[in-house]
Amino acid sequence: ASDSGTAIVDESVETTDGRHVEVAANIGQPAELEPAAERGADGVGLYRTEFLFLDRETPPSEDEQYEAVREALDTFPDGRVVVRTLDIGGDKRIPYLDLPEEENPFLGERGIRRSLDPDSDLFATQLRALLRAGADGAGDLAIMFPLVATVEELDAALDALDAAVADLESREAEAADPEVGVMIETPSAAFMADELAARVDFLSIGTNDLTQYVMAADRENERVGDLHDPTHPGVLRAIHRTVTAAHAEDAWVGMCGEMAGNPDLTELLVGLGLDELSMSAVTIPEVKTAITETEYSSASERGDRARLAATRSEVHTSLEP
Ligand code: PEP
Ligand code: MG
């Protein structure tokens, strides 16, 4: 049993009526891999690679990034490892990269916008490292892009991925053929989820940022903490729209924001149709247990009631047992 008294569930889990839901871990450092496996993670749903860039003086080399991802793939030989490309800017500053000061960093050059900067080779280096790490049957690698707002950005990121494959092939190095996904973290991405999903294998909803941008409420500012709450119906409708769009394009859809790790919301999220939930390792046993206690058909009705509510308090009433 874990500290909380909830038994660790090693196997993959499904609802009482047989709907499988993947439960994965959010990771920032290689040291978090083993504890996540011990807590019963099916794989990694969010590898925040920017943490590999912190607490040092220069960016990690291609080989260092390769080793870090390889370690994740080796820890989960039977599970998927979703690596997010570099997500800097906003609250995530890296002193040695010497990026320009911005007046509104959360509305500035963050996430994929920074990676697509033509004056930087960080993105190309990272993509080569990932493609090498997932090659030679080294496990089930997936790559996803953060803070996408437009189809043009996704197309540019996919072009960069193709270029990295071509680059490796020209050096006779083997490249993986990973699943590719987009994080849904901006209102534009939620509105464009159908077009985005048509171009990739999966979507992963980042509710920390999605809530911040849908509600126009800073994720760091406690004064607007009541607004920065993913159970507002405005956010639930963005989630529902994303799930529906993904499934219509035969893409799977996960969630890797903090919301996914709240066992009180597991039934709601399963009911909204999420295929995967990714969270910090501590909550995995509780969420896995909650999934095994959920009946999908009734959760789905509850999910509809919640998203069709007019207020947050009506949402909460709809979630009561
Ligand atoms: C999110 O925004 O929900 C997310 C998972 O990304 P991060 O918290 O790293 O911004
Ligand atoms: Mg985010």
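Quick note: numbers below take in every heavy atom, side chains included, and nothing from hydrogens, waters or symmetry partners. Along the sequence shown, residues are numbered consecutively beginning with 1. In each ligand, atom 1 is the first atom listed, and ligand 1 is the first ligand listed.
- Shortest distance from the Mg ion (ligand 2) to E185 is reached at OE2 (N/O/S atoms only).
- Its N, O or S atom nearest to the Mg ion (ligand 2) is what matters here, and for D209 that atom is OD2.
- Tested against C256 for a side chain to side chain contact (heavy atoms under 4.5 Å, CB included), the candidates M279, R48, M183 yield a single pass: M183.
- Residue L46 approaches ligand 1 through these ligand atoms, each under 4.0 Å from one of its heavy atoms: 5 (C).
- Residue R219 approaches ligand 1 through these ligand atoms, each under 4.0 Å from one of its heavy atoms: 2 (O), 7 (P), 8 (O), 10 (O).
- Heavy atoms of M259 stay at 4.0 angstrom or farther from ligand 1.
- Ranking protein heavy atoms by distance to atom 6 (O) of ligand 1, first place goes to R84 NH1, 3.0 Å.
- Using the six-membered ring where Trp is involved, F145 and F123 have ring planes that are perpendicular, over 60° apart on the 30 and 60° scheme.
- Looking only at heavy atoms of the protein, atom 9 (O) of ligand 1 is closest to R48 NE, 2.7 Å.
- Protein heavy atom at the shortest distance from atom 5 (C) of ligand 1 is C256 O, 3.3 Å.
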Taking it one step at a time, do E109 and R114 satisfy salt bridge (Lys or Arg N to Asp or Glu O under 4.0 Å)? CA-CA 5 Å; E109 217 177 344; R114 166 70 48 204; 3.2 Å; yes

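- Each of the following atoms of ligand 1 lies closer than 4.0 Å to a heavy atom of D209: 1 (C), 2 (O), 3 (O), 10 (O).
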